[in-house]
Number of protein chains: 2
Amino acid sequence: MVRIRKRKAVEAAVELPAELTQARRFSKTRSAQSGALLEDYVELIADLLSTGGEARPTDVARRLGVSHATAIKTISRLKREGLATGLPYRGVFLTQDGQKLAARVRARHRLVVDMLLALGVPAEAAEADAEGIEHYVSEATLKAFAQFLESRGQS
Amino acid sequence: MVRIRKRKAVEAAVELPAELTQARRFSKTRSAQSGALLEDYVELIADLLSTGGEARPTDVARRLGVSHATAIKTISRLKREGLATGLPYRGVFLTQDGQKLAARVRARHRLVVDMLLALGVPAEAAEADAEGIEHYVSEATLKAFAQFLESRGQS
DNA sequence: TGTGAACTGTAGCCATGGCTACACTTTTAC
DNA sequence: GTAAAAGTGTAGCCATGGCTACAGTTCACA
């Protein structure tokens, strides 16, 4: 009984394109996630280095609200991926690549926050939301943000 | 040699508040991520149900670009969390809660896309970016978006 | 100067979200 | 009405990003 389906794939060829576009978008969004964590770490390490001259795993852990073990594990991944360096017990530093990434991430973060503020989002919410949003903003969208802010005389 | 640090915690009490604020923001962002996946599934299932009358794991998998096994596993999590129902081999349906969530997610998605379009982001990028952004937009920011669009006579 | 506190690092556990491989239903089509 | 195709479900693997527990190192200060 309960005969719910009548599949069979005549329209498969028709449906596919849209399906694939959506699938591609989702995959891209998913894979952006692992990058997001690294970006946060790099951004924070750059901040610690520029304000205090050093970045130690425990500081990173505290600022990100994770255990020091987690911070150390992620930092070692940063090193594996060529974004950070440093000797045991001697703090963490950024490679050239790491510094470039940090600069890019910081600029993007500021742009997103400014954008939200310009739209009237309260400061606290703007900062918090930007933390999540910034990792998913494409170049095209960044450019649009910049133009919008410029046209308003802000930024 | 290499005496880099002079820790010792006199300023700990002073630094803590800002540190905690940031840590809280990060944790919130992190925990938003698990919700993001469920939201995507619920939104898609709602879409499949409304357009085709049924939602089958394989369709979900194809549209999201994951294997059918992954889709089934996630759908069973949806069921565990009270968002979906359905009998084996008989398709997936949304509970009341699932439907409410789907409606909220859909409205938010539309608002984010409209917002990006209003700012001059190209349509393709707007759709793609919204997929990632939408999960991190707070109520306050949504409200700001809505007001902005209204003030421009859009939406 | 040596010792305790703080920090660093390692090991091993858990859940999530992917995957492939295999087994089992259901539906289609002959 | 049955065999093949399509869909569904289960098992078991992997990497990531959390955690706690424990071991090792460095530093501050008495």
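Each chain gets a letter, A, B and so on, in the order the sequences are listed, and its residues count up from 1.
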Output all residues satisfying salt bridge (Lys or Arg N to Asp or Glu O under 4.0 Å) with B:Asp47, sequence neighbours left out; order by chain, then residue number. B:Arg63

Distance check needed: [N] [atom2] versus [X] [atom1], whole Å only.
| X | N | atom1 | atom2 | value |
| --- | --- | --- | --- | --- |
| B:Tyr89 | D:dT8 | OH | P | 9 Å |
| A:Leu48 | C:dC7 | CG | C1' | 15 Å |
| A:Ile75 | C:dT8 | CD1 | C1' | 10 Å |
| A:Ile72 | D:dG18 | CD1 | P | 14 Å |

Step through the shown structure and confirm whether more than 12 heavy atoms of other residues, nucleotides or ligands are within 6.0 Å of NZ on A:Lys79. yes

Between D:dT16 and A:Thr74, is there an OP1 or OP2 to side-chain N/O distance shorter than 4.0 Å? no

B:Arg80 side chain near C:dA15 phosphate (N/O to OP1/OP2, under 4.0 Å): no

Can you tell me which residue pairs pass the salt bridge (charged side-chain N to carboxylate O under 4.0 Å, His left out) test with a partner in residues 30-41 of chain A, sequence neighbours excluded? A:Arg30-B:Asp40, A:Glu39-A:Arg108, A:Asp40-B:Arg30

What salt bridge (charged side-chain N to carboxylate O under 4.0 Å, His left out) pairs are there with at least one residue in residues 116-127 of chain B, not counting sequence neighbours? A:Arg25-B:Glu124

Kindly compute the distance separating CG (A:Leu38) from CG (A:Leu101), expressed to the nearest 0.5 Å. 8.0 Å

Would you mind listing every ring pair (Phe, Tyr, Trp, His ring centres under 6.0 Å) that reaches into residues 25-59 of chain A, with sequence neighbours excluded? none

Partners of A:Ala36 by side-chain contact (heavy atoms from CB on, under 4.5 Å), sequence neighbours excluded? A:His135

Under the side-chain contact (heavy atoms from CB on, under 4.5 Å) rule, collect the residues that match up with B:Arg110, sequence neighbours excluded. B:Arg106, B:Asp114

Find every protein N or O atom lying less than 3.5 Å from an N or O atom of nucleotides 1-4 of chain C, and list the pairs.
none

My understanding is that only residues two or more places apart in sequence, or in another chain, count here; which of them pass side-chain hydrogen bond (donor to acceptor under 3.5 Å, both in side chains) with A:Glu81? A:Arg77

According to side-chain hydrogen bond (donor to acceptor under 3.5 Å, both in side chains), who are the partners of B:Ser138, at least two apart in sequence or on a separate chain? A:Asp129, B:Thr141

Going by number, which of residues 129-136 of chain A have a non-hydrogen atom under 4.0 Å from DNA chain D? none

Of residues 25-41 of chain A, the positions that come close to DNA chain D - non-hydrogen atoms, cut-off under 4.0 Å: A:Ser34, A:Leu37

Sort me out a list of protein N/O and nucleotides 19-22 of chain D N/O pairs below 3.5 Å, or just none if empty.
{"from": "D:dC19", "atom 1": "OP2", "to": "A:Ser67", "atom 2": "N", "distance (Å)": "2.7"}
{"from": "D:dC19", "atom 1": "OP2", "to": "A:Ser67", "atom 2": "OG", "distance (Å)": "3.0"}
{"from": "D:dC19", "atom 1": "OP2", "to": "A:Thr70", "atom 2": "OG1", "distance (Å)": "2.7"}

As a test of reading the structure: which of D:dT8, C:dT10, C:dC7 is closest to the side chain of A:Arg56, going by heavy atoms? C:dC7

Can you tell me how the ring of B:Tyr136 sits relative to the ring of A:Tyr136, calling it parallel under 30°, perpendicular over 60° and tilted otherwise? parallel

Using modelled atom types and a 3.5 Å cut-off, is there a donor and acceptor pairing between side-chain atoms of A:Glu43 and backbone atoms of A:Ala102? no

Report yes or no: does B:Thr95 contribute a side-chain atom to a donor-acceptor pair with the main-chain N or O of B:Leu83 at less than 3.5 Å? yes

